[in-house]
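What's counted below: heavy atoms across the whole structure, side chains too, no hydrogens, waters or symmetry copies.
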Amino acid sequence: MYFIKKNSNEDKKNNLVDEFQNFFMDSFFSNKALKTDIVETEKGYILKVELPGVDKKDVSLDFNNQYLTLSVNQEESKEDKEQHYIRKERSRYSYSRSYYLDKANESDIKAKLDNGILTIQIGKNEEEIKKNIIID
């Protein structure tokens, strides 16, 4: 036996708004897709990012203005014409995340993808880059 709670129209409206917000907050803003550990050492940074089931060819790394941007674009290319899909949800996805690393040396970046863990090692600049701004 199931018990169904009757809600007023206002309660239904609030529940729909809450469900909509929770869906988008959980899916897009929580960075669950790119869980990352960042360690700072004397010589640099080490980032470990979980990328289960991702091939190396689907990952790109860009470094610009002290931001390291990791992007994943994955597409399922297999077509199985013998299968009659009622619903297919795993066909394509992409996501990215940027990390600010204030002393990172862009010429000293190494990355390796092994067993679903992307390890990125970035060296530090020996000297802090300081800029003196003259006020007119």
Side-chain angles (χ1 to χ4, degrees):
M1 177 182 275
Y2 295 101
F3 294 99
I4 300 172
K5 179 182 172 187
K6 290 187 177 184
N7 294 328
S8 68
N9 284 339
E10 188 64 32
D11 288 339
K12 287 180 186 175
K13 196 184 306 182
N14 287 339
N15 287 341
L16 285 175
V17 169
D18 290 342
E19 286 180 31
F20 181 79
Q21 287 177 341
N22 289 340
F23 172 77
F24 282 101
M25 293 301 281
D26 287 345
S27 298
F28 296 108
F29 299 113
S30 65
N31 289 324
K32 289 182 182 176
L34 293 170
K35 292 182 181 176
T36 307
D37 295 333
I38 302 174
V39 176
E40 183 176 10
T41 66
E42 285 183 23
K43 295 183 179 182
Y45 302 95
I46 300 169
L47 288 80
K48 291 191 178 198
V49 185
E50 288 184 1
L51 297 175
V54 176
D55 290 335
K56 181 171 66 170
K57 66 178 177 49
D58 297 326
V59 178
S60 68
L61 286 171
D62 297 307
F63 189 81
N64 191 14
N65 293 328
Q66 301 310 110
Y67 282 94
L68 177 71
T69 301
L70 168 64
S71 301
V72 177
N73 293 305
Q74 199 170 34
E75 210 169 312
E76 190 176 293
S77 59
K78 291 190 252 176
E79 270 192 47
D80 191 355
K81 296 189 179 201
E82 293 179 18
Q83 298 289 329
H84 175 68
Y85 289 98
I86 296 171
R87 184 178 196 147
K88 192 170 182 180
E89 296 181 353
R90 299 181 305 115
S91 61
R92 179 180 159 191
Y93 63 90
S94 65
Y95 44 86
S96 67
R97 186 168 178 191
S98 293
Y99 309 91
Y100 180 74
L101 303 167
D102 63 341
K103 298 176 187 173
N105 181 354
E106 69 179 297
S107 63
D108 188 14
I109 300 175
K110 297 174 187 155
K112 181 180 179 182
L113 182 61
D114 189 32
N115 292 327
I117 302 292
L118 177 65
T119 303
I120 307 164
Q121 295 180 336
I122 305 171
K124 281 186 184 177
N125 287 319
E126 295 295 321
E127 305 172 3
E128 283 190 47
I129 300 172
K130 294 185 179 181
K131 194 175 192 179
N132 192 6
I133 300 169
I134 299 172
I135 302 172
D136 291 329

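- Salt-bridge formation is not detected for the pair K103/E40: no Lys NZ or Arg NE/NH1/NH2 atom is positioned less than 4.0 Å from an Asp or Glu carboxylate oxygen.
- For the pair Q121 (side chain) and K110 (backbone), a donor-acceptor distance under 3.5 Å is absent.
- For E106, there are no salt bridge (Lys or Arg N to Asp or Glu O under 4.0 Å) partners at least two apart in sequence or on another chain.
- Here the straight-line distance linking atom CD1 of I38 with atom CD1 of I46 works out to 11.5 Å at 0.5 Å rounding.
- For the ring-ring contact (aromatic ring centres under 6.0 Å, His included) condition, the pairs that include at least one residue of residues 55-75, sequence neighbours left out, are Y67-Y100.
- Summarising the geometry of L34 relative to Y99, their closest heavy-atom pair is O-OH, 4.1 Å, with the distance given to 0.1 Å.
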message: Using the rule given for side-chain contact (heavy atoms from CB on, under 4.5 Å), can you reason through T119 versus D114, listing the C-alpha separation, both sets of side-chain angles and the distance that settles it, and then say yes or no?
response: CA-CA 8 Å; T119 303; D114 189 32; over 6 Å; no
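- The distance from the CG atom of N105 to the NZ atom of K43 is 13.5 Å, given to the nearest 0.5 Å.
- Counting heavy atoms from C-beta on, the side chains of D102 and Y45 come closer than 4.5 Å.
- Rounding to the nearest 0.5 Å places CG of L101 at 10.0 Å from NZ of K124.
- Here the straight-line distance linking atom OG of S98 with atom CG of N64 works out to 10.0 Å at 0.5 Å rounding.
- Annotation: the span from L61 atom CG to L68 atom CG amounts to 5.5 Å, rounded to 0.5 Å.
- Between the side chain of Q66 and the backbone N or O of A104, at least one donor-acceptor pair lies under 3.5 Å.
- Using a 4.5 Å heavy-atom cutoff, the side chains of L47 and L70 are not in contact.
- Just one of D58, N115, L113, I117 meets the side-chain contact (heavy atoms from CB on, under 4.5 Å) condition when paired with L51; it is L113.
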